[in-house]
Amino acid sequence: MSQDPSDDRLLEEFLARRGGIARNYRNASVEQPPADVDKAVLAAARRAAGSRPRRIGWGSRWGAPLAAAAVIVLAVAVTLTLEREPRFAQIEEPLELARPTQRQQEAKSAAPADQEAAAVPARTGAAKEKAVAESGAVPPRAPGIKTDELDADFRQRPQERGRIDFEPEIRRDSVVTEHAPRLPAAAAPDMKQRETLSLEDKAQPAEVIDSPAPAAVLGQSTTAGARANEASEAKSELAAGGVHGKKSALSRDEWIAKIERLFDAGRLDEAKTALAEFRKTYPHAELPEKLSVLEPRK
Amino acid sequence: MPATDSDEALMVAYRDGDAGAFDELYARHRGSLYRFILRQCSARAMADELFQDVWMNIINARGRYQPKAKFATFLYQVARNRIIDYYRATGRSLETSDDPDDPADPPAPQAQQPERMVERRQLASRLLELIESLPAAQREAFLLHEEGGLALEEIGQITGAGRETVKSRLRYALARLRQEMEGWA
């Protein structure tokens with residue numbers, strides 16, 4: 001029989017278990033040994049091997065040694081880690097009380113001690129952090145506190161003993177900054193009085209954030225410079241209203257006037273925002289006709 | 001499904017006393033080995049007997065087993081030796097000839113049995129019939145590859161022939177099968 005090149009291809013397919021012959025053969029090869037032969041062979045095998053059960057799988061053979069090795073490795077690793085970790089430093093010296101900043105000391109020396117205790121309202125959480133950060137009044141952390149210094153410091157600043165956030169005169173809506181004017185001692189009122197003061201005393205804005213001129217009064221600007229101030233104040237008031245989510249202390253007319261100024265200045269978005277805030281307080285108030293365009297369409 | 005051990009690992013485990021390892025090893029090879037023997041025997045009953053003998057030889061030789069080669073090579077070597085013994089006992093021979101033009105050995109008597117002729121009306125049956133009528137060496141090489149899954153080198157190791165000789169036997173076997181199948185179709 002001569003060799004045909006196609007025979008090589010046929011052989012390659014056969015060796016790769018491809019091709020018609022291999023496929024047909026596999027389809028045809030379905031014979032199996034009879035069950036009694038299976039039983040006899042298996043029984044003979046078991047008799048020869050004894051009755052030891054088979055360890056099934058790789059894990060059954062190597063499981064115990066691996067588990068032991070893993071436990072040992074973990075134990076060593078934990079031990080080494082604990083050995084390397086620094087122990088808690090023994091406090092050999094008591095912690096030092098944070099020393100007051102220079103500003104605080106100047107403020108303390110400038111104001112009468114009795115006025116300070118009553119005048120300065122406590123600070124709210126977020127505004128306090130902001131004010132403290134801005135004033136740079138964050139005290140440096142001392143490595144330790146010395147008890148004798150602590151006592152001395154405490155005795156030296158009795159007026160500040162009450163200057164904590166747990167004073168009963170806490171003003172939730174108030175922020176104290178370095179720029180804010182201090183109210184007279186008699187003006188340490190409750191909430192209701194304070195609102196009244198803020199409405200009547202136009203020299204004192206109810207909330208000031210980033211206010212460049214604490215004495216600026218809304219609605220009284222006539223000059224360009226004053227306009228700039230008013231614009232920034234308006235912006236800060238809007239920001240204040242947005243941050244704290246509370247109503248402005250402006251009267252209705254003052255509020256409308258402010259919205260008009262924003263509208264005239266072309267700051268329509270701010271005017272709309274201010275109008276939206278206004279509507280929360282005065283939902284049915286009449287507006288000048290020109291401001292009607294700011295109203296949302298119904 | 002548990003991780004499967006290799007044939008060699010199972011045989012070593014059985015050698016070391018794990019009877020369950022033999023169960024799995026037997027399940028893997030029982031069908032292919034049975035068909036390898038069946039295609040070279042005259043009767044199914046004889047194939048059953050030879051099949052059981054082969055496994056008994058494996059069991060008895062477990063103490064001497066060393067995983068130097070594939071377990072399948074070891075298994076089919078034992079099976080071939082048992083078939084040779086059977087042929088000698090019946091006056092037949094599995095002696096091979098490398099001359100492809102030698103007349104084919106007489107077909108296995110099994111192919112002529114009436115009950116088998118009935119079963120082979122279909123194409124697959126025809127193929128089996130043709131395989132069983134191949135020369136012994138070609139048939140053996142064909143079955144060692146198809147049933148045993150052995151490579152050319154392993155077939156040569158079992159049969160005592162070289163790789164190219166095995167390749168040649170397979171080539172001729174396939175050519176003959178194709179020719180006969182085309183003619184039959």
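Chain letters run A, B, ... following the sequence lines, proteins first, then strands; residues in each count from 1.
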field: Short N-O contact, A:Arg26 and B:Glu147, less than 4.0 angstrom
entry: no
field: Residue selection (most heavy-atom pairs with chain A, distance under 4.5 Å) from B:Asn60, B:Leu170, B:Ile37
entry: B:Leu170
message: Need one label for B:Leu143: side chain, backbone, both or neither, based on atoms under 4.5 Å from any heavy atom in chain A.
response: side chain
- prompt: Ring centroid separation for B:Tyr34 and B:His29, is it under 6.0 angstrom?
  reply: no
query: Which answer fits B:Ile131, side chain, backbone, both or neither, if we ask what part of it has an atom under 4.5 Å from a heavy atom of chain A?
result: side chain
query: Would B:Glu8 and B:Lys70 pass as an ion pair if we require N to O under 4.0 Å?
result: no
query: Would you call the rings of B:Trp55 and B:Phe22 parallel, tilted or perpendicular if under 30° counts as parallel and over 60° as perpendicular?
result: perpendicular
- prompt: Tell me, side chain or backbone of B:Glu49 under 4.5 Å from chain A's heavy atoms, or both, or neither?
  reply: neither
query: So what's closer than 4.5 Å to chain A heavy atoms on B:Leu33: side chain, backbone, both or neither?
result: neither
message: Between A:Asp36 and chain B, with a heavy-atom cut-off of 4.5 Å, which part of the residue counts as in contact: side chain, backbone, both or neither?
response: neither
query: Between B:Leu127 and chain A, which part of the residue has a heavy atom less than 4.5 Å away: side chain, backbone, both or neither?
result: side chain
- prompt: Should B:Arg35 and B:Glu146 count as an ion pair when the cut-off is N to O under 4.0 Å?
  reply: no
message: Please classify the contact between B:Arg62 and chain A as side chain, backbone, both or neither, with a heavy-atom cut-off of under 4.5 Å.
response: side chain
Ion pair A:Arg9/A:Glu12, N-O distance below 4.0 Å: no
statement: Smallest heavy-atom separation, A:Ile21 atom then B:Leu174 atom, equals CD1-O, 3.7 Å
- prompt: Which residue out of A:Ala28, A:Gly20, A:Ser29, A:Ala44 racks up the most heavy-atom pairs below 4.5 Å with chain B?
  reply: A:Ser29
